[in-house]
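Presented below is the structure to which this report refers.
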Amino acid sequence: MAAAVRERDVALAKAIKFLGEEDFSRSLSTFVGKLTTFDNLIVIVYNGKGTPAVLYRQCKDPVVYLNMDRSYLTGAYQLDPFYHEHLKGADNGVRRLVEIAPSKLTRSDYFSAYYRQTTLVDEVAIFANLGGNKTVTACFGKDRSSGVAFAPDELKLLRSYEHVLSSLLEAQWKDYAFDRPGGEAKPASSESFRRAIATRTGIGLSPRQAEVAAFILQGHSTLSIGLHLGISPETVKVFRRQLYARCNISSQAELFALLMPLFSQLAAKQAARRKPAGKPIAAS
């Protein structure tokens, strides 16, 4: 036990030593490796509702990040529970995906089309608020390399260091700057989403139907949608039936296949209007 504590202290000291240096992310990885085992790590900074930036990534199995650039960063991030935690102004600390995700996330087509392809089994993120509507997250994942979720004792030890970890992230990336902090790319609003659906598919949805569609794609249950929109579950069901009828579909799988590409196209179009100037501290 004493030896393990000493190893953690030494690893933490090295992480502090490398603050501001390119080797910080690797030293952070080493330190967290003394607290829990993991298969992959990705550090992402979110900027308001704009397109996020990847600062660092490492993995045992490259398939885990196969769709990061072509899917997540071009629109799928808009459905990510970690992204929505950022939008809510989440406090510093540890977030486990399964604890913050909508109740039906694992049964949603977003999970099937994105998360399942990553082979992730479990994921934990360290959040650090950078101010100016920016949040940096260090996401540690378990994928098919190990095939197991984080153990309770691992999570307990990780959470005992959460303030230390958040402080390290904040100190390392507090000055990270996007090139246009006031005009970053915006994800699809319900109105722009509705217009895109009409333009690309010829399907005319009401504003409320478009909102319900977006929540369904995010994995929210009927009850959750009702709470977010301030309407009853029965009313949500009415809008869902209307939505499916307008789209001439009968399942959530068909809804995802029809509408998810529009999220990506809208985000990619906005992202093309700017080029991030802030360079990652480290990348691999």
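The model shown is predicted, which means the values in this text are computed figures rather than measured ones.
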Query raised in the report: Just by distance, do the side chain of Arg194 and the backbone of Leu205 share a donor-acceptor pair under 3.5 Å?
Result: yes
Report task. For side chain to side chain donor-acceptor pair (under 3.5 Å), just list the numbers for Tyr56 and Gln58, CA-CA rounded to whole Å, side-chain angles, deciding distance to a tenth of an Å, and then say yes or no. Result -> CA-CA 7 Å; Tyr56 175 85; Gln58 71 176 61; 2.6 Å; yes
Query - Sequence neighbours excluded, every pair satisfying salt bridge (Lys or Arg N to Asp or Glu O under 4.0 Å) that has a member inside residues 34-43 - result: Glu7-Lys34, Asp39-Lys60
Requested in this report: Using the side-chain contact (heavy atoms from CB on, under 4.5 Å) rule, take Val121 and Val148 through it: C-alpha gap first, then chi angles, then the decisive distance, then the call.
Outcome: CA-CA 6 Å; Val121 176; Val148 297; 5.8 Å; no
Query raised in the report: Which heavy atom of Leu243 sits nearest a heavy atom of Gln209, and at what distance?
Result: CD1-O, 4.1 Å
Query raised in the report: Would a 4.5 Å heavy-atom cut-off, applied to side chains only, mark Leu66 and Gln117 as touching?
Result: no
Requested in this report: For Glu254 and Ser250, test the side chains for any donor-to-acceptor distance below 3.5 angstrom and give the result as yes or no.
Outcome: yes
Requested in this report: Answer yes when Glu211 and Arg240 have at least one side-chain N-carboxylate O distance shorter than 4.0 Å, and no when they do not.
Outcome: no
Query raised in the report: Between atom CG of Leu255 and atom CD1 of Ile249, what is the distance when rounded to the nearest 0.5 Å?
Result: 4.5 Å
Requested in this report: Give a yes or no on this: more than 12 heavy atoms of other residues, nucleotides or ligands lie within 6.0 Å of atom CG of Asp153.
Outcome: yes
Report task. Please confirm whether the backbone N or O of Ala196 pairs with a side-chain atom of Thr199, one donor and one acceptor, at under 3.5 Å? Result -> no
Report task. Please assess Leu97 against Val124 for the test side-chain contact (heavy atoms from CB on, under 4.5 Å), listing each intermediate value before the final yes or no. Result -> CA-CA 6 Å; Leu97 181 66; Val124 174; over 6 Å; no
Requested in this report: Output the distance between atom OH (Tyr83) and atom NZ (Lys49), rounded to the nearest 0.5 Å.
Outcome: 7.0 Å
**Report entry** Step-by-step side-chain contact (heavy atoms from CB on, under 4.5 Å) determination, Cys59 to Asp61
**Finding:** CA-CA 6 Å; Cys59 58; Asp61 185 351; 5.8 Å; no
Report summary line: Shortest non-hydrogen pair, Pro52 vs Tyr46, comes out as CB-CD2, 3.5 Å
Query raised in the report: Taking the side chain from His84 and the backbone from Gln78, do they hold a donor-acceptor pair closer than 3.5 Å?
Result: yes
Query raised in the report: Is the closest side-chain donor-acceptor distance between Asp80 and Tyr115 under 3.5 Å?
Result: yes
**Report entry** Check: Leu168 main-chain N/O paired with Gln172 side-chain donor or acceptor under 3.5 Å
**Finding:** no
Report summary line: In Val63, Val64, Leu120, the residue satisfying side chain to side chain contact (heavy atoms under 4.5 Å, CB included) with Arg144 is Val63
Requested in this report: Could you please spell out the steps behind the side-chain contact (heavy atoms from CB on, under 4.5 Å) verdict for Phe215 and Leu229?
Outcome: CA-CA 10 Å; Phe215 276 112; Leu229 298 181; 3.5 Å; yes
Query raised in the report: Mind checking whether Leu155 and Val98 sit in one hydrophobic cluster, side chains of I, L, V, M, F, W, Y counted as touching below 4.5 Å?
Result: no
Report task. Check whether any side-chain N or O of His86 sits under 3.5 Å from a backbone N or O of Lys134 as a donor-acceptor pair, and report yes or no. Result -> no
Report task. State yes or no: do Val164 and Trp173 share one hydrophobic cluster built from I, L, V, M, F, W and Y residues joined by side-chain heavy-atom distances below 4.5 Å, directly or via other members? Result -> yes
Query raised in the report: Hey, is Asp9 close enough to Lys14 for a salt bridge, meaning N to O under 4.0 Å?
Result: no
Report task. Report yes if the side chains of Cys139 and Phe82 come closer than 4.5 Å at any heavy-atom pair, otherwise no. Result -> yes
Requested in this report: Kindly say whether Ile197 contributes a backbone atom to a donor-acceptor pair with the side chain of Thr201 at under 3.5 angstrom?
Outcome: yes
Report task. Would you mind reporting whether Val32 and Leu165 have side-chain heavy atoms less than 4.5 Å apart? Result -> yes
Query raised in the report: Any sub-3.5 Å donor-acceptor pair from Thr137's side-chain atoms to Phe127's backbone N or O?
Result: no
Query raised in the report: Does a side-chain heavy-atom distance below 4.5 Å link Asn47 with Tyr176?
Result: no
Query raised in the report: Hey, is Lys142 close enough to Glu154 for a salt bridge, meaning N to O under 4.0 Å?
Result: yes
**Report entry** Trace of the side chain to side chain donor-acceptor pair (under 3.5 Å) decision for Ser232 with Thr235
**Finding:** CA-CA 5 Å; Ser232 71; Thr235 302; 2.9 Å; yes
Query raised in the report: Cluster question for you: counting only ILVMFWY and a side-chain heavy-atom cut-off of under 4.5 Å, with indirect links fine, are Tyr77 and Leu87 together?
Result: yes
**Report entry** Sub-6.0 Å ring centroid separation between Phe140 and Phe38
**Finding:** yes
Report task. Please check if the side chain of Thr30 supplies one atom and the backbone of Arg26 the other of a donor-acceptor pair under 3.5 Å. Result -> yes
Report summary line: Contacts satisfying side-chain hydrogen bond (donor to acceptor under 3.5 Å, both in side chains) that involve residues 119-129 (not counting sequence neighbours) are Arg96-Asp122
Query - Atom of Thr118, atom of Asp143 and distance for their closest heavy-atom approach - result: O-CB, 4.3 Å
Query raised in the report: Are any of the side-chain nitrogens in Arg159 or Glu162 under 4.0 Å away from the carboxylate oxygens of its partner?
Result: no
Report task. Would you check if Met68 and Arg57 make a side-chain contact, meaning some heavy-atom pair closer than 4.5 Å? Result -> yes
Requested in this report: Considering non-hydrogen atoms only, spot the tightest contact between Ala171 and Leu19 and give its length.
Outcome: CB-CD2, 4.1 Å
Query raised in the report: With a 4.5 Å limit on heavy-atom distance, are the side chains of Ile44 and Val136 in contact?
Result: no
Query raised in the report: Looking only at heavy atoms, what is the nearest atom pair of Leu41 and Ser25, with distance?
Result: CD2-O, 4.4 Å
Query raised in the report: Any ring-ring contact (aromatic ring centres under 6.0 Å, His included) pairs touching residues 142-161, not counting sequence neighbours?
Result: Phe31-Tyr161
Requested in this report: Indicate yes or no: at least one non-hydrogen side-chain atom of Leu130 is less than 4.5 angstrom from one of Thr135.
Outcome: no
Report summary line: Shortest non-hydrogen pair, Ala128 vs Asn92, comes out as CA-OD1, 3.3 Å
Query - Heavy-atom check, side chain of Ile231 versus side chain of Phe239, under 4.5 Å - result: yes
